[in-house]
Amino acid sequence: MAEEQTTPTPAEITEVPAAPVVKKKKVKRSVPYGQVHIMATFNNTIVTVTDTKGGALTYSSSGACGFRGSKKGTAYAAQIAAEKALAEAKQNYGLNKADVYVRGIGMGRDAAIRAMQVSNIALEAVHDVTGIPHGGVRPKKARRV
């Protein structure tokens, strides 16, 4: 025998009220001392502002500032990218002192550091962390004529 299914009446349906969602208030972090990592390649310059442990706070690049193509590798583009990242870090986190770590051999190396001095952030130290090959790959075998 098949049982007949009936639809419940509105009186039988009881809705459970949804629990109110409590959002935590975001704590504004203060980072007065941090690190600025500058990666300057021939094609682009990336500036990342971190805390002392290396956790990223803000970042910017020449491409993110609106430069396209070969203009991304210029010193001016690197200066604009550095100014943008540092202004955001100063406004949101109160950054006023930083160590600088520069990697790469692009035109943006010096321009980004100069932009840092203009933005009134004190430079504690400047480190060059560009990778240097040692050993390398196996050379081609000698040509026999």
Side-chain angles (χ1 to χ4, degrees), residues 5 7-145:
Q5 290 188 356
T7 57
T9 62
E12 294 172 344
I13 300 173
T14 56
E15 288 192 27
V16 179
V21 179
V22 180
K23 288 188 178 180
K24 278 188 178 179
K25 193 170 187 179
K26 193 166 186 178
V27 179
K28 194 131 191 179
R29 220 171 120 198
S30 177
V31 183
Y33 185 77
Q35 298 174 345
V36 178
H37 296 267
I38 301 166
M39 187 165 121
T41 65
F42 291 120
N43 296 320
N44 203 354
T45 302
I46 301 170
V47 181
T48 307
V49 181
T50 67
D51 55 15
T52 51
K53 292 181 181 176
L57 303 174
T58 63
Y59 67 93
S60 184
S61 69
S62 300
C65 292
F67 294 93
R68 287 285 168 246
S70 60
K71 293 181 183 78
K72 288 194 300 184
T74 62
Y76 178 68
Q79 178 185 340
I80 298 298
E83 286 172 1
K84 184 178 175 184
L86 294 168
E88 198 174 319
K90 195 168 190 176
Q91 182 183 19
N92 295 345
Y93 298 98
L95 186 78
N96 53 26
K97 273 187 186 178
D99 287 334
V100 181
Y101 295 90
V102 185
R103 169 176 273 125
I105 51 175
M107 283 193 278
R109 288 170 61 101
D110 300 326
I113 294 171
R114 234 176 282 119
M116 210 176 143
Q117 292 168 331
V118 171
S119 67
N120 294 328
I121 292 178
L123 295 172
E124 289 292 304
V126 178
H127 305 278
D128 187 2
V129 291
T130 305
I132 300 167
H134 48 281
V137 297
R138 182 174 174 163
K140 283 176 88 175
K141 63 180 179 183
R143 187 166 166 250
R144 289 182 289 189
V145 180

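Using modelled atom types, one finds a donor on one side chain and an acceptor on the other under 3.5 Å when comparing Asp128 with Thr130.
Between Ala89 and Val49, the shortest heavy-atom distance links the atoms CB-CG1, 3.7 Å. The minimum heavy-atom distance linking Thr45 with Gly108 is given by the pair OG1-CA, 3.9 Å. Summarising the geometry of Ala78 relative to Ala111, their closest heavy-atom pair is CB-CB, 4.5 Å, with the distance given to 0.1 Å. When all heavy atoms of Leu57 and Arg29 are compared, the pair lying nearest together is CD2-NH1, 3.9 Å. Between Cys65 and Lys84, the shortest heavy-atom distance links the atoms SG-CD, 3.7 Å. Taking each heavy atom of Met116 and Ala98 in turn, the nearest pair found is CE-CB, 3.6 Å.
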Could you give the side-chain donor-acceptor pairs of residues 134-145 under 3.5 Å, partners two or more places apart or in another chain?
from	atom 1	to	atom 2	distance (Å)
His134	ND1	Ile132	O	3.1

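A distance-only check finds a donor-acceptor pair linking the side chain of Thr58 to the backbone of Ala85 [under 3.5 Å]. Judged purely by atom type and a 3.5 angstrom limit, Arg109 uses its side chain to pair as donor or acceptor with the backbone of Gly104.
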#### Entry: Verdict with reasoning, Phe67 to Ile80, per side chain to side chain contact (heavy atoms under 4.5 Å, CB included)
CA-CA 10 Å; Phe67 294 93; Ile80 298 298; 4.1 Å; yes

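The ring pair (Phe, Tyr, Trp, His ring centres under 6.0 Å) check on Tyr101 picks up His37, His127, with sequence neighbours excluded. For Asp99, the side-chain hydrogen bond (donor to acceptor under 3.5 Å, both in side chains) partners two or more places apart in sequence, or in a different chain, are Tyr33. Listed by chain and residue number, Thr48 satisfy the side-chain contact (heavy atoms from CB on, under 4.5 Å) test with Tyr59 (two or more places apart in sequence, or in another chain). With sequence neighbours excluded, the residues satisfying side-chain hydrogen bond (donor to acceptor under 3.5 Å, both in side chains) with Gln79 are Glu83. In this structure, the side-chain contact (heavy atoms from CB on, under 4.5 Å) partners of Val126, at least two apart in sequence or on a different chain, are Val100, Val102, Ile113.
The CZ atom of Arg103 lies 11.0 Å from the CD1 atom of Ile46; values are rounded to the nearest 0.5 Å. Here the CG atom belonging to Leu95 is positioned 12.0 Å from the CD atom belonging to Glu88, to the nearest 0.5 angstrom. With values rounded to the nearest 0.5 angstrom, Ser70 atom OG is found 12.0 Å from Asn44 atom CG. Atom OG1 of Thr41 and atom NZ of Lys72 lie 8.5 Å apart (nearest 0.5 Å).
Around the CG atom of Leu123, the shell of radius 6.0 Å holds more than 12 heavy atoms that belong to other residues, nucleotides or ligands.
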